[in-house]
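Protein chains get the first letters and strands the later ones, always in sequence-line order, with residue 1 at the start of each.
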There are 2 protein chains.
Amino acid sequence: MNTEMDSKVTEAEWEIMRVVWAQNKVTSKEIIEVLQQKKDWKPATTKTFIGRLVHKGMLETETEGRKYIYSAKVKEADIIRSSLNELFANICSRDVGNTIAYLLSNATLSFKDIDKLEKILERKKKDAVEEVPCNCVPGQCKCHEHEGSNCNSGCHSVSDTGQVSINEQ
Amino acid sequence: MNTEMDSKVTEAEWEIMRVVWAQNKVTSKEIIEVLQQKKDWKPATTKTFIGRLVHKGMLETETEGRKYIYSAKVKEADIIRSSLNELFANICSRDVGNTIAYLLSNATLSFKDIDKLEKILERKKKDAVEEVPCNCVPGQCKCHEHEGSNCNSGCHSVSDTGQVSINEQ
DNA sequence: AATTAATGATTACAAATGTAAACTTAAACC
DNA sequence: GGTTTAAGTTTACATTTGTAATCATTAATT
């Protein structure tokens, strides 16, 4: 069993995880049923993914009679966050605002959501900057064209292994 | 050459694309240099990815002498959006607000960004809902537990092929 | 008890992805 | 003009991912 706590699942495995997260404790039978419906997967297919997830240490098993009860070893929020972080690592930090704007524009939100987001934005004003420093490697974004004007602070400094614009809390 | 305009690149290919987007027109030599720096890729590796992207129709070539000048066939925003859509397809629509909240909290934003986001939020109030309808398949999220209380409208309705919470404009 | 069915484990296999060397050809240089 | 070199093409190969059948074992049924 892989204990590398790197929280990374594939698209197919994510489907399995969602069922487990929704149920807390499930049998393979239940998972199989849900995904037979949604994805038209054969039981064998679902079993394969369950097995891989157990192997990866993302699912925990508890023996109940002759079968297993599965439960999640990682939190859904962690998977969501690490996936977002990976995606945002491909985006220039200067473009993050626009990207979030896109998400916001296209989301269905509740009043409560909007309220919460407004509060966050309000708080954000405290550490807002005049120009977000670009975090791209030279050659990978346009910020490097108008050098000097804005891209001086963060530019050219962050390598592949470095932090991206979105960091874990 | 694959003309399926599905705008989907792998992680490695995305690195190539970023160089092309940054430059508009580039030679393989330039791409190779940037990624030798950033990813420590051998020239052959970068060449493979360039080749695949041309094949996929994401890169366009224009012959200059006996070499190529590469340019992007797809817009960066399109790739970002389709990637986000894919990721958000794994998240219950009721959780989208929180997910955006996470992004917002962890982003570095400029005053201008905040301004823009506030305006979007303001506009969002018009079509805000009391409770965001869950779009999960039964068995894939907790909304289905407290049935009747909130999860009645959108629930149980969206299949795998259906629209997700975030749609293309 | 013998048979059937369910469940987990093993094996399979193609396509996608990451990583790169080898080959080919035409251009640049001596 | 012959040789080195750069660029694109082809081939290679391991790993990951998606998709599933088969096998083994235990539990349930007749």
Would a 4.5 Å heavy-atom cut-off, applied to side chains only, mark B:T99 and A:I80 as touching?
yes
List in chain and number order the residues that pass side chain to side chain donor-acceptor pair (under 3.5 Å) with A:E33, two or more places apart in sequence or in another chain; answer none if no residue qualifies.
none
Please tabulate, one pair per line, all N/O donor-acceptor pairs under 3.5 Å involving side-chain atoms of residues 110-120 of chain B, not counting sequence neighbours.
unit_1	atom_1	unit_2	atom_2	d
B:S110	OG	B:K112	N	3.4
B:S110	OG	B:D113	N	3.0
B:S110	OG	B:D113	OD2	3.2
B:D113	OD2	B:S110	N	3.1
B:D115	OD2	B:K119	NZ	2.8
B:K116	NZ	A:N98	OD1	2.5
B:E118	OE2	A:K125	NZ	2.8

Please list, chain by chain and in numerical order, all residues satisfying salt bridge (Lys or Arg N to Asp or Glu O under 4.0 Å) with B:E13, sequence neighbours excluded.
B:K56
What pairs with B:S71 under side chain to side chain donor-acceptor pair (under 3.5 Å), at least two apart in sequence or on another chain?
none
Could you state the atom-to-atom distance from CG of A:L59 to P of C:dA9 in whole Å?
12 Å
Would you say that B:S82 contacts B:D78 through its side chain, given a criterion of any heavy-atom pair below 4.5 Å between the two side chains?
no
Scan the side chains in residues 60-67 of chain A for donor-acceptor partners under 3.5 Å anywhere in the protein, sequence neighbours excluded, and list what turns up.
unit_1	atom_1	unit_2	atom_2	d
A:E62	OE1	A:K25	NZ	2.9

I'd like a table of atom pairs between the protein and nucleotides 24-30 of chain C - only N or O on both sides, under 3.5 Å - with the distance next to each one.
unit_1	atom_1	unit_2	atom_2	d
C:dA27	O4'	B:R66	NE	3.3

Is the distance from OP1 or OP2 of C:dA9 to the nearest side-chain N or O of A:Y68 less than 4.0 Å?
yes
Listed partners of B:Q37 passing side chain to side chain donor-acceptor pair (under 3.5 Å), at least two apart
none
Nearest whole angstrom, please: distance from the P of C:dA5 to the CD1 of A:I32.
17 Å
Between P on C:dT7 and CD1 on A:I69, what's the gap in Å once rounded to a whole number?
10 Å
Letter per nucleotide, 5' to 3', of nucleotides 10-20 of chain D [B base touched, S only sugar-phosphate touched, - untouched; heavy atoms, 4.0 Å]:
-------SBBB
Rounded distance in Å - OH (B:Y70) to C1' (D:dA6)
12 Å
My understanding is that only residues two or more places apart in sequence, or in another chain, count here; which of them pass side-chain contact (heavy atoms from CB on, under 4.5 Å) with B:T45?
B:W41, B:K42, B:F49
I need the CD1-C1' distance between A:I50 and C:dA9, as an integer number of Å.
13 Å
For atom CH2 of B:W14 and atom C1' of C:dG18, their distance in whole Å:
17 Å
Could you tell me the separation between the CD atom of B:E64 and the P atom of D:dG8, rounded to a whole number of Å?
10 Å
Please state how far atom CD in A:E30 lies from atom C1' in C:dG8, giving the value in whole angstrom units.
16 Å
